[in-house]
Enquirer: 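One structure is given below, represented as structure tokens, and several questions about it will come after.
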Amino acid sequence: MIDLRSDTVTQPSEAMRKAMAMAEVGDDVLGEDPTVNQLQERIASLLGKEAGLFMPSGTMANQVAIKTHIQPGNEIIIDKNAHIFYYECGAAAVISGGQFHCLGGEKGILTAKIVEAAIRPADIHQPPTRLICLENSHNRGGGSIYTLENLAGIAKLAAKHDIRVHLDGARLFNAALAAKTTVQKLARQTDSVCVAFSKGLGAPAGSVLCGSKEFIEKAIRFRKMLGGGMRQVGILAAACLYALDNNVKRLEVDHQNAKRSALGLAGMEGLKIDPEQVVTNIVLFDVGSIPMDAYTFAQRLAPAGVLLIPFGPSTLRAVTHLDVTTAEIDKTLEIIQQFLKKV
Ligand SMILES: *Cc1c(COP(=O)(O)O)cnc(C)c1O
């Protein structure tokens with residue numbers, strides 16, 4: 001089975017499992033897990049932030065960041081397809097009492113210009129704008145990315161209005177690679193940023209939230225409140241350190257494989273995709289003129305040996321990752337071509 005549903009479906013490699021088994025651990029709620037501490041320090045320094053905090057999931061990293069940044073009744077500017085708005089169960093409303101001000105970015109990417117129009121004036125009728133949440137790369141945007149200039153423009157605008165910026169960087173390493181910049185240059189434009197190890201980096205779990213020392217000191221309490229205080233969790237942090245050492249550079253293979261699938265799909269009659277738009281490891285395509293919705297397409301394709309995720313009524317998503325080879329991408333294209341002949 002070729003599983004392209006997500007870059008979260010990867011299996012930890014034998015070497016990663018070995019690193020996990022050998023990890024030196026301690027009680028992390030007491031701050032005594034040396035492997036967690038090492039990971040937090042390494043990521044913080046890599047991203048140019050003062051401190052980092054290990055999280056069981058990207059969702060918790062985002063929600064703790066929001067809780068740390070805002071007060072109930074504050075408004076959060078966000079793209080309407082952002083993970084934080086779309087896929088986190090309404091958590092910001094429940095946990096932080098935040099109200100979203102949703103904007104329509106181009107493939108999920110906001111600009112200073114569209115953000116500026118959404119910032120609330122000082123008016124007692126209106127909720128104060130306190131936070132801007134950005135996503136890079138943007139999942140529902142098809143792995144779209146921010147240029148450094150664009151991010152810097154938003155950061156400058158936010159500073160002018162005393163608004164914080166949080167970056168959901170679940171796939172920040174993919175974004176930096178595609179933008180031909182560094183994760184640090186991107187992260188520098190934000191007040192807080194989180195990166196995930198359970199996506200393209202292939203670890204079983206774990207995200208790290210980074211920010212100022214003061215921000216992280218506050219965030220630790222909210223992580224505990226939400227049940228994210230874990231004990232000998234260096235076992236997981238060791239997998240993340242392993243991923244950092246071994247699985248970052250190879251992301252370019254995933255990007256090449258994504259581009260290869262996009263080019264292949266673009267040549268097939270009935271499908272709609274612009275390969276130019278595929279810049280990281282996420283491929284979105286439209287079933288366009290095929291008399292079948294995306295859900296049925298995915299369901300009927302599965303027995304042929306390829307798993308995709310329906311991403312809208314007529315949109316499917318394929319994600320490349322470290323457990324799919326270039327040969328399997330070619331095989332996938334063959335299978336889809338055969339499938340299209342039959343429908
Ligand atoms: C997967 C994802 C998350 C959430 O991560 P989990 O570990 O699944 O909670 C957040 N943001 C983006 C962009 C993601 O793709």
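For reference, positions follow the sequence shown, starting with 1. Both counts, for ligands and for their atoms, begin at 1 and track the order of listing.
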Enquirer: Each residue besides F100 in its hydrophobic cluster should be listed here, by chain and number; the cluster joins Ile, Leu, Val, Met, Phe, Trp and Tyr at side-chain heavy-atom distances under 4.5 Å.
Expert: I66, I70, I76, I78, I84, F85, L131
Enquirer: What pairs of residues pass the ring pair (Phe, Tyr, Trp, His ring centres under 6.0 Å) test when at least one of them lies in residues 125-169, not counting sequence neighbours?
Expert: none
Enquirer: Would E217 and K213 pass as an ion pair if we require N to O under 4.0 Å?
Expert: yes
Enquirer: In plain terms, say whether K160 and D162 are close enough for a salt bridge, that is, a side-chain N and a carboxylate O under 4.0 Å apart.
Expert: no
Enquirer: Tell me which residues fall inside the under-4.0 Å heavy-atom shell around ligand 1.
Expert: S57, G58, T59, N62, H83, E88, E135, D168, A170, R171, K199
Enquirer: According to salt bridge (charged side-chain N to carboxylate O under 4.0 Å, His left out), who are the partners of R223, at least two apart in sequence or on a separate chain?
Expert: D28
Enquirer: Do N74 and R130 get their side chains close enough for a donor-acceptor pair, meaning under 3.5 Å?
Expert: no
